[in-house]
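Taking it in order: structure first as structure tokens, then the write-up.
We name chains A, B, ... by the order of the sequence lines, and we start the count at 1 in each one.
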Number of protein chains: 2
Amino acid sequence: MITFDDFKADGKLPVYQQILDYIKRGAVAGTVADGDELPSRRVLSARLGINPNTVQKAFALLEEAGLIESRAGSGSVMTLSAEKLEQLKAELLEEEVLGMVRVLKQTGLDADGAADLIRKYWEEA
Amino acid sequence: MITFDDFKADGKLPVYQQILDYIKRGAVAGTVADGDELPSRRVLSARLGINPNTVQKAFALLEEAGLIESRAGSGSVMTLSAEKLEQLKAELLEEEVLGMVRVLKQTGLDADGAADLIRKYWEEA
DNA sequence: GCAACTGTATTAGTCGAATAATACGCTTTT
DNA sequence: AAAAGCGTATTATTCGACTAATACAGTTGC
């Protein structure tokens, strides 16, 4: 069961998008695996303090992306193949890291300075 | 004159916020300096293809933050002291880099892997 | 002085994210 | 079979970002 214990909304992106990101990053990290069950829409919305419809939207998008399967009565489970995992990892690194690099470049850093900076802040996160 | 030539809205954040970020990052990078003039609200909104009121909101926030000064008839100019610059740099690195590191950590990377990844993607941005 | 710019202010409307309240049908459990 | 929990669907409302149109006041330059 995916607990969502370390999920924390930051307000910068729509909550349903943050749920998608949370699941995708967890899949890449290995903390979310094929066959893992997800909390029900009602339970998760109560746990996160958000509206059931917001969770529903996130889960609907996850299903559309082929990452979960849902059946009324049962719950929702992760459906992660090796190919999907590779695809997810590539997408994440492409989007996130490139976005980060753009910001760092705009502040006038070079590659070595950026790499050093990452190491410096690695502990505090 | 700050040209906003390399400004590109990406839709993930409110446009007025992206303008704020653009100016702040430019200030940290040194491409935006004390005394630099900004395009007028009307000119900039036309150049970026957005509503004048959106630019107005961004400029109002910049003025509130003490980063620009505006006078009707003249335009708006940057007002950057050394202390403000230091403060800006600290804020940017704290927020942006820590945010990045959190994402990379969640994908299961370690500090060295992240640093290598930054170098790898540095060229493509 | 007057035109052509500036910044500033107000009001109304659109759109998407999120909330809220229900309702219905399916599956599991007892 | 019945209850409880599940996914799913619908409609209405709130809120902020953004657009739109317009008006007014100050500065610059001819």
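Here the shortest heavy-atom pairing between Leu109(B) and Ala114(B) reads CD1-CA, 4.4 Å.
Computed from coordinates, the Asn51(A) CG to dC15(D) C1' distance equals 14 Å when rounded to whole Å. The nearest whole Å value for the distance from the CZ atom in Phe59(B) to the P atom in dG7(C) is 7 Å. The distance from atom CD of Glu69(A) to atom P of dT27(C) is 14 Å, rounded to the nearest whole Å. Atoms CG (Leu13(B)) and C1' (dG16(C)) sit 15 Å apart, rounded to a whole Å. Across the protein-nucleic acid pair, Ile19(A) atom CD1 and dA17(C) atom P stand 14 Å apart, rounded to whole Å. The interatomic distance linking Leu44(B) (CG) with dC5(C) (C1') rounds to 16 Å, in whole Å. For the pair Glu37(A) CD and dG7(D) P, the interatomic distance rounds to 11 Å; values are reported in whole Å. Counting to the nearest Å, the P atom of dA12(D) and the CG atom of Asn53(A) are 14 Å from each other.
For dG7(D), its base sits under 3.5 Å from the side chain of Arg42(A) at one donor and acceptor pair at least.
Counting only N and O atoms by type, the side chains of Ser70(A) and Glu63(A) include a donor and acceptor under 3.5 Å apart. Between the side chains of Glu91(A) and Gln87(A), at least one donor N or O sits under 3.5 Å from an acceptor N or O. No hydrogens or angles considered: a donor-acceptor pair under 3.5 Å links the side chains of Ser76(B) and Arg41(B).
In the set dA17(D), dA18(C), dT19(D), dA17(D) carries the atom at the smallest distance from any side-chain atom of Lys57(B). The Thr54(B) side chain lies nearest to dC18(D) when the options are dC18(D), dA18(C), dG26(D). In the set dA18(C), dA17(D), dA21(D), the nucleotide with an atom closest to the side chain of Pro14(A) is dA18(C). Comparing dT19(C), dG7(C), dC18(D) by their nearest atom to the side chain of Ile50(A) picks out dT19(C). Among dA20(D), dT8(D), dT8(C), the nucleotide with an atom closest to any side-chain atom of Gln56(B) is dT8(C).
Residue Ser40(A) places no side-chain N or O under 4.0 Å from the OP1 or OP2 atom of dG5(D). A close approach under 4.0 Å does occur between a side-chain nitrogen or oxygen of Tyr16(B) and OP1 or OP2 of dA17(D). For Arg71(B) and dT28(D), the shortest distance from a side-chain N or O to OP1 or OP2 is below 4.0 Å. Between Ser76(B) and dG7(C) there is a side-chain polar atom (N or O) within less than 4.0 angstrom of OP1 or OP2. An OP1 or OP2 oxygen of dT28(D) is reached within less than 4.0 angstrom by a side-chain nitrogen or oxygen of Ser74(B). Close to dC6(D), at under 4.0 Å from its OP1 or OP2, lies no side-chain N or O of Arg41(A).
We find that Arg119(A) and Asp112(B) are joined by a salt bridge, their nearest charged nitrogen and carboxylate oxygen being less than 4.0 Å apart.
Of the possible donor and acceptor atoms, one in the side chain of Lys84(B) sits under 3.5 Å from a partner among the backbone N and O of Gly66(B).
Residue contacts shown for Glu63(A) are limited to sugar-phosphate atoms, with no base heavy atom under 4.0 Å away. When heavy atoms are screened at a 4.0 angstrom cut-off, Val43(B) is found touching the sugar-phosphate backbone but no base atom.
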